[in-house]
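In what follows, a single structure is set out as structure tokens and then discussed.
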Amino acid sequence: MLSLKSSGEVALDMARRIRVRRLRQAWTQGEMAERAGVKLATYIHFERTGRISLLRLLKVADTLGLLDEFDQIGRSEDLTHATLRDVVAPERRRGRRRRL
């Protein structure tokens with residue numbers, strides 16, 4: 001799928017949306033950081049730049065009740081008609097085999 005945004009733009013947009021959620025809760029950045037168990041400086045940096053480690057982002061998401069949305073990333077593949085063999089079979093790769 002073609003995206004018109006860079007990964008940095010997506011991260012910054014996500015930080016802005018999370019900020020809006022925080023403000024709806026009437027929490028300061030300090031309260032949010034404390035509730036999420038991250039350092040205040042880390043959280044402030046995240047809201048300004050969109051940069052944060054994945055585990056810290058998941059803590060923030062969990063604090064706002066958004067963890068289930070993150071857990072759905074990559075689950076959109078429709079496996080309705082797939083067999084068990086299709087799901088567990090390793091992906092075959094084309095190319096030259098190395099001989100021992």
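Given the structure is predicted, the values throughout are model-derived calculations rather than measurements.
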### Approximate separation, where rounding is to 0.5 Å, of R19 CZ and L12 CG
11.5 Å
### Query
Which distance, rounded to the nearest 0.5 Å, do you find between the CE of M14 and the CG of L57?
6.0 Å
### Query
Shared ILVMFWY cluster between I73 and I52, side chains joined below 4.5 angstrom?
yes
### Query
For E34, does the CD atom have more than 12 heavy-atom neighbours from other residues, nucleotides or ligands under 6.0 Å away?
no
Scan the side chains in residues 36-51 for donor-acceptor partners under 3.5 Å anywhere in the protein, sequence neighbours excluded, and list what turns up.
from, atom 1, to, atom 2, distance (Å)
Y43, OH, E47, OE2, 2.6
H45, NE2, T49, OG1, 3.4
E47, OE1, R22, NH2, 3.1
E47, OE1, Q29, NE2, 2.7
E47, OE2, R22, NE, 2.6
E47, OE2, R22, NH2, 3.3
T49, OG1, H45, O, 2.7
T49, OG1, R51, N, 3.1

### Message
L64: which residues meet the side-chain contact (heavy atoms from CB on, under 4.5 Å) condition with it, sequence neighbours left out?
### Response
I18, R21, Q25, W27, M32, V60, L66
### Partner residues of D62 under the salt bridge (charged side-chain N to carboxylate O under 4.0 Å, His left out) criterion, sequence neighbours left out
none
